[in-house]
2 protein chains.
Amino acid sequence: MSHSIKDVALRAGCSIATVSRVLAGKGYISDEARQKVEAAVKELGYRPNRVARSLRAQRSRVIGLVLSDICNPFFSEISRAVERVAVRHGYTVLICNTDEDPKREEHFLKLLEEEKVAGILLSPTRASAKSLDSSILPPLVLFDRKVAGKHLDSVVIDNEEAALKLTRHLLAGKHQKIAGIFGAKSYTASARIKGFQAAFIGAETRMAGIYQVPAFEAEGARIMAEILTNEPLVDAVVCSSALLATGAYTTLRQKGPHLLEAGGFVCFDDPSWASFVEPSVSVIRQPATTLGEAAADLLMKRIVDPTRSVSEIVLRGDLIERGK
Amino acid sequence: MSHSIKDVALRAGCSIATVSRVLAGKGYISDEARQKVEAAVKELGYRPNRVARSLRAQRSRVIGLVLSDICNPFFSEISRAVERVAVRHGYTVLICNTDEDPKREEHFLKLLEEEKVAGILLSPTRASAKSLDSSILPPLVLFDRKVAGKHLDSVVIDNEEAALKLTRHLLAGKHQKIAGIFGAKSYTASARIKGFQAAFIGAETRMAGIYQVPAFEAEGARIMAEILTNEPLVDAVVCSSALLATGAYTTLRQKGPHLLEAGGFVCFDDPSWASFVEPSVSVIRQPATTLGEAAADLLMKRIVDPTRSVSEIVLRGDLIERGK
DNA sequence: ACCCAGTGTGTAAACGTTTACACATTTTGA
DNA sequence: TCAAAATGTGTAAACGTTTACACACTGGGT
């Protein structure tokens with residue numbers, strides 16, 4: 001068993017209040033007491049118990065990060081940024097994978113409340129409105145996605161604009177029929193679909209189907225194969241995330257290289273290979289690190305001042321034009 | 001403020017002990033009491049305070065995951081597996097990025113001890129031996145890397161054997177001079193270097209330099225360019241991680257396509273593009289999910305029974321032969 | 001000589017649980 | 001019929017902090 005503040009007090013020959021004050025560095029302390037306490041702390045290798053601290057303070061130095069898939073490079077980049085900012089402010093990060101499942105999301109939000117975390121960063125699933133008002137939650141900042149009808153701190157990317165930009169870029173080529181592959185269930189996907197559709201207004205190129213599948217590589221590969229057989233006239237594809245794009249690209253390499261050679265493939269998220277395949281593929285690069293940092297910063301501010309006015313930050317994706 | 005067990009007791013017309021017993025489901029409780037308590041819990045929307053629980057129990061339902069970079073796909077796959085297992089056992093995961101910095105590692109280990117986590121999963125940096133015995137740590141399982149001279153639970157991959165296998169595969173081709181790019185500072189890197197070197201014993205092909213750099217994409221690109229200019233005779237490269245490989249590959253696309261065309265590039269970690277570039281590249285696929293699950297399982301067992309005998313699990317990497 | 005502000009320290013309550021112990025009542029078994 | 005065991009409940013202590021409050025002492029200004 002490790003030592004408690006009592007042991008330190010005993011050793012330093014003072015009361016636990018004095019020890020606590022020395023540790024916290026506030027209140028009046030004589031030099032003599034300070035030195036004795038510091039010596040005792042060192043000798044015993046005393047480390048304060050954060051659980052006790054949290055209980056007393058009614059708030060811990062932990063923040064919760066609730067996201068749908070830490071293996072998605074977009075989210076892992078965000079996690080990294082969040083962790084950095086948190087550590088800089090003396091917080092640690094509790095990570096929760098929802099897999100886009102509202103049940104799991106609700107479970108985690110409750111859990112985090114029970115853990116008395118100082119704040120929560122959440123990229124909500126479609127159906128999360130309910131879980132949000134059902135209980136008294138700690139300070140909360142949304143990232144990547146918003147919740148309809150809720151006025152909350154948030155940091156998102158203008159997905160509609162980005163998808164519009166990306167699709168228009170494709171439209172500038174001479175493709176006849178463009179299909180779109182998007183993630184299922186997410187706010188993000190809907191926004192991108194809107195932008196995708198908007199790009200066709202007044203354009204000659206015809207839009208083919210809009211496909212929504214769970215955001216995994218295998219799903220991207222599967223749906224791409226399906227499109228290739230069901231809609232043989234499709235000669236261009238917009239892909240809504242690195243994971244889906246990687247899967248779709250693999251399929252295209254095998255079963256639709258003509259499409260790739262004609263530059264008919266673009267996607268979100270700048271996967272590493274996009275720059276070195278031939279021809280290289282144009283992408284929307286999402287500022288994931290900036291997003292993660294902004295969201296974490298916002299949360300820190302919200303924790304310090306719960307009454308501050310709501311911030312809704314919108315970032316823009318960058319179109320990186322490639323294609324040989 | 002949310003409700004406490006006291007409020008529930010008041011509402012249910014019993015003592016807090018009874019409420020606690022109903023919630024824990026142990027001890028003798030009458031049906032009447034149980035129903036009243038359950039009703040009160042529901043009406044008040046009561047949720048237990050885990051911080052108080054942890055303080056009382058001297059152990060929380062949180063485990064710490066200490067790794068060097070969550071953006072590294074190898075580690076993010078592990079994180080995901082760990083999180084899954086943890087949640088299944090009713091735990092949450094506190095994530096800590098060390099960036100291979102022993103100072104940060106030491107800081108996090110102390111922090112996790114202060115948080116009274118139930119256990120720790122650690123992929124140690126080179127210099128972590130000290131921080132490991134300096135304090136009384138919670139149950140600990142090492143993953144991906146071991147610590148020399150310590151007999152601790154661990155799950156690692158046989159990196160020497162894997163590197164040997166991978167290099168031999170390259171040796172079967174007709175390359176003249178093979179360079180190796182490895183991560184810096186890590187136990188893993190040393191083991192892979194050993195295997196790399198061992199492959200040349202009795203072989204005709206000459207080994208060129210062994211390069212060690214921090215495991216980031218940009219570093220891989222940089223060092224690859226350096227090799228190309230400093231050792232123009234190098235006609236094959238072994239790369240020690242997906243991150244380094246992606247960087248190195250990008251450079252090679254531009255400045256050394258002949259090397260790629262001759263199949264002179266192999267790496268660890270099966271990055272997504274390895275299968276669809278031309279010619280496709282052979283890799284060692286590391287069983288990251290298996291590793292993460294095994295490590296988390298081991299930790300769960302260690303938490304339940306601190307006296308059980310130490311397990312050192314060694315997994316094998318799979319050589320995936322590609323190349324056109 | 002007295003008061004007040006500024007220092008320095010200790011005591012004890014509080015945070016929300018779990019649980020050992022005590023006590024009361026009921027059931028069981030001889 | 002009575003002891004022992006089983007059942008049900010409450011009281012209070014403990015976990016390790018922080019901090020309000022009380023108290024004591026110092027020194028300076030009147």
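Below, chains carry the letters A, B, ... as their sequence lines are ordered, and counting in each starts from 1.
In this structure, A:Tyr28 reaches the C:dT7 phosphate: one of its side-chain N or O atoms is under 4.0 Å from OP1 or OP2. OP1 and OP2 of D:dT7 both lie 4.0 Å or more from every side-chain N or O belonging to B:Ser30. Under 4.0 angstrom from either OP1 or OP2 of D:dT19 there lies no side-chain N or O belonging to A:Arg56. Remark: B:Gln58 is in phosphate contact with D:dG16, judged by side-chain N or O atoms under 4.0 Å from OP1 or OP2. Taking only side-chain nitrogens and oxygens, A:Arg53 comes nearer than 4.0 Å to OP1 or OP2 of D:dT18.
Of the residues in residues 9-19 of chain A, those placing a heavy atom less than 4.0 Å from an atom of DNA chain D are A:Ile16, A:Ala17, in numerical order.
Relative to the axis of its first five pairs, the axis of the last five pairs of the helix from C:dA1-D:dT30 to C:dA30-D:dT1 sits at 50°, rounded to 10 degrees.
A salt bridge between B:Arg11 and B:Glu43 is present, with a side-chain N of the basic residue lying under 4.0 Å from a carboxylate O of the acidic one. The pair B:Arg104-A:Glu83 meets the salt-bridge criterion, with a side-chain N (NZ, NE, NH1 or NH2) lying under 4.0 Å from an Asp/Glu carboxylate O. A salt bridge links B:Asp99 to A:Arg80: at least one charged side-chain nitrogen sits closer than 4.0 Å to a carboxylate oxygen. The pair B:Lys110-B:Glu114 does not count as a salt bridge, with every side-chain nitrogen at least 4.0 angstrom from each carboxylate oxygen.
The two residues B:Tyr91 and B:Ser60 come nearest to each other via the heavy atoms CE2-O, 4.1 Å.
In this structure, the NZ atom of B:Lys26 is 17 Å from the C1' atom of D:dG8, given to the nearest Å. We find that CG of A:Leu23 is positioned 12 Å from P of D:dT19, with the value rounded to whole Å. One atom, CD of B:Glu32, and another, P of D:dG10, lie 11 Å apart when rounded to the nearest Å.
You'll find the side chain of B:Leu122 stays beyond 4.5 Å of the side chain of B:Val147, heavy atoms only.
Counting non-hydrogen atoms under 4.0 angstrom, A:Arg50 reaches nothing in the nucleic acid.
Across A:Glu38, A:Glu32, A:Lys36, a single residue satisfies side chain to side chain contact (heavy atoms under 4.5 Å, CB included) together with A:Arg34, and that is A:Glu38.
Along DNA chain C, the nucleotide nearest A:Arg34 and the nucleotide nearest A:Leu55 are compared for position; the residue whose nucleotide lies closer to the 5' end is A:Arg34.
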